[in-house]
Novice: 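Dropping the structure in here first, questions after.
Since the model is a prediction, treat every value here as computed from it, not as a measurement.
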Number of protein chains: 2
Amino acid sequence: MIRMGNSKNIPDIVIGRLPIYLRALNLLLAEQREYTSSHELGERLGISSAQIRKDLSHFGEFGKQGTGYNIAYLQEQIRQILHVDREWPMAVVGAGDLGRALVHYRGFVPRGFRVVCVFDNDPARIGERIAGLTVQPMSELASQIAAHRVQVAMIAVPLEAAQEVATQLVEAGVEAILNYAPITISVPDSVQVQYIDPVAHLQHMTYYLTPKT
Amino acid sequence: MIRMGNSKNIPDIVIGRLPIYLRALNLLLAEQREYTSSHELGERLGISSAQIRKDLSHFGEFGKQGTGYNIAYLQEQIRQILHVDREWPMAVVGAGDLGRALVHYRGFVPRGFRVVCVFDNDPARIGERIAGLTVQPMSELASQIAAHRVQVAMIAVPLEAAQEVATQLVEAGVEAILNYAPITISVPDSVQVQYIDPVAHLQHMTYYLTPKT
DNA sequence: CTCGAAATGTGAATGCGTGAACAAGCCTAG
DNA sequence: CTAGGCTTGTTCACGCATTCACATTTCGAG
Ligand SMILES: NC(=O)c1ccc[n+]([C@@H]2O[C@H](COP(=O)([O-])OP(=O)(O)OC[C@H]3O[C@@H](n4cnc5c(N)ncnc54)[C@H](O)[C@@H]3O)[C@@H](O)[C@H]2O)c1
Ligand SMILES: NC(=O)c1ccc[n+]([C@@H]2O[C@H](COP(=O)([O-])OP(=O)(O)OC[C@H]3O[C@@H](n4cnc5c(N)ncnc54)[C@H](O)[C@@H]3O)[C@@H](O)[C@H]2O)c1
């Protein structure tokens, strides 16, 4: 059985680790390496080798006993599992400091994503050009998202506007949202949402610190 | 017993949720609300009310039966638990697109953090002023971090440079690092590390999506 | 060709986190 | 003052995730 449990219900936490494995495999490839092992990967990532083997075993048998994993092959398999063996067009809403950094970011394309449109509601910003894209008014959002077949969007507007923007994105057909505004948004269950809040991470760490001053 | 288990070993995953609770309390306060309940918080955050009550009970008894939680009081308690009832000075390394957005970001100060210095190794960038700060050369890193009593730093350099920068930060005395470069870094166990990799979040979501084209 | 070292994939055991349920306490309405 | 509804803090049971440990396979050295 080449591919067991492919359509089974894989724990979400396992899916969340696959991008980390993929990141590590990219680096190993860049180092001209051909084979690696669950032990080496675990070492680099601070994860137990048993966990890596078990995670991968949900999707098939990618390794060889005594040898380990062929890096290029495993990388390709994980890319297929995560559906990043293609390029996802993305929309960015909010062309402020963060939004502009995201549009400029060259790290998306090599990993399966490309920003294809950017929106703002500030008349002063609309029309501005960022990395080859023109900032569009919100009135263009629905039509642009449809035209570019956009399923993935990033929200980079102030928190007061985040919920409304999320609603507009969902109505336009977006199915996955990465929200940078520090607020939990409400969307239909069928829409994927992830959050990035650097302050939450910082506060998590300061719990363990003793103030110096 | 007013404060039970304060020094006990609280599960790390619980600590990770406290900033989310804090974020929600900030919003409720902004809405002029005085009391809330575990049920309301759970509703807003998509978390079960039982979990919220259990998480909080690790640190003490902050609510009143029949009434719920006083928002301002609970907020203050969580701020103390997380040690953000003060302002942590922070360093930013890397004054590129992302680093500049971080230095400009006005969301740090209201939640307990302030960027006090920023570093880069590009001669063209050194001396540049960003939001009132001057970009410093890496040779200044150790002395500046000591002078400002910096314990927390953010890494916003290309991934090739991230490990070396992390090592320098640790040597300078930094105890917590928020790493934006998409690579797992190696530091002593005594140093806290958190990662932000938007692509990892995006890839996590695309697993659940069906490509439209 | 044989042997030993290395590494996978997987059941079994352990440990941890989550949700259900409830006794006890608080507040308000009447 | 009392009754009823609401909410907390906590116990318990369940289920999920992680780690352990090993049979099995592969490779390379001698
Ligand atoms: N800058 C950072 O480093 C950083 C880091 C983490 C999180 N964030 C979060 O990201 C978001 C954006 O941050 P920023 O620093 O870029 O802010 P910003 O103020 O520079 O940019 C926000 C942009 O959103 C636009 N906007 C406002 N309301 C809008 C609406 N209803 N529809 C469309 N566009 C709208 C504004 O015109 C502005 O251009 C904020 O929620 C912030 O908390 C920022
Ligand atoms: N721009 C984004 O939206 C974004 C999003 C997520 C993650 N990231 C990550 O954040 C990091 C920075 O991204 P960016 O877009 O700002 O890149 P950038 O190239 O614009 O900026 C990087 C800066 O780091 C400086 N630098 C390089 N090597 C250094 C060293 N050894 N010491 C000190 N400074 C050094 C460079 O001079 C440059 O100014 C990258 O690792 C990137 O993958 C960026």
Novice: I would like to know whether B/R53 and B/E61 meet salt bridge (Lys or Arg N to Asp or Glu O under 4.0 Å); could you show each step before the answer?
Specialist: CA-CA 9 Å; B/R53 291 198 301 278; B/E61 309 195 349; over 6 Å; no
Novice: Ignoring backbone atoms, test whether A/R17 places a side-chain nitrogen or oxygen under 4.0 Å from the OP1 or OP2 oxygen of D/dA17.
Specialist: no
Novice: For A/S48 and B/K64, take the nucleotide of DNA chain D holding the closest heavy atom to each; which residue's nucleotide lies nearer the 5' end?
Specialist: B/K64
Novice: Among B/D197, B/L159, B/I185, find the one that has a side-chain contact (heavy atoms from CB on, under 4.5 Å) with B/N179.
Specialist: B/I185
Novice: If you measure from the Lys or Arg side-chain nitrogens to the Asp or Glu carboxylate oxygens, is any gap between A/R44 and A/E31 under 4.0 Å?
Specialist: yes
Novice: Please determine whether a side-chain nitrogen or oxygen atom of B/Y69 lies at a distance below 4.0 Å from atom OP1 or OP2 of D/dG9.
Specialist: yes
Novice: To the nearest Å, how far apart are A/K54 NZ and D/dA21 C1'?
Specialist: 12 Å
Novice: By nearest heavy atom, map A/I13 and B/T67 onto DNA chain D; which one lands nearer the 5' end?
Specialist: B/T67
Novice: C/dG17 P sits how many Å from B/I15 CD1, rounded?
Specialist: 11 Å
Novice: In this structure, how many angstroms lie between the C1' atom of C/dG9 and the NE2 atom of A/H39, rounded?
Specialist: 17 Å
Novice: In this structure, how many angstroms lie between the C1' atom of D/dC27 and the CD atom of A/E34, rounded?
Specialist: 14 Å
Novice: Taking atom C1' of C/dA7 as reference, at what distance in whole Å does atom CD1 of A/I71 sit?
Specialist: 15 Å
Novice: Go through C/dT8, D/dT7, D/dG9 for me and flag the one nearest to the B/Q65 side chain.
Specialist: D/dT7
Novice: Establish, with yes or no, whether the OP1 or OP2 oxygen of D/dT18 is under 4.0 angstrom from a side-chain nitrogen or oxygen of A/Q51.
Specialist: yes
Novice: Do A/L169 and A/L141 have side chains that get closer than 4.5 Å, going by heavy atoms?
Specialist: yes
Novice: I need the CG-C1' distance between B/L74 and D/dT7, as an integer number of Å.
Specialist: 14 Å
Novice: Taking OP1 and OP2 of C/dA7, is either one under 4.0 Å from a side-chain nitrogen or oxygen of A/S38?
Specialist: no
Novice: What integer distance in Å separates B/F59:CZ from D/dT8:P?
Specialist: 17 Å
Novice: Hydrogens and angles aside, do A/Q75 and A/N26 bring a side-chain donor and acceptor to less than 3.5 Å of each other?
Specialist: yes
Novice: Measure CG/B/D55 against C1'/D/dT10 and give the value in whole Å, please.
Specialist: 14 Å
Novice: Report the nucleotide, chosen from D/dG9, C/dG19, C/dA24, that has the shortest atom-to-atom distance to any side-chain atom of B/R53.
Specialist: D/dG9
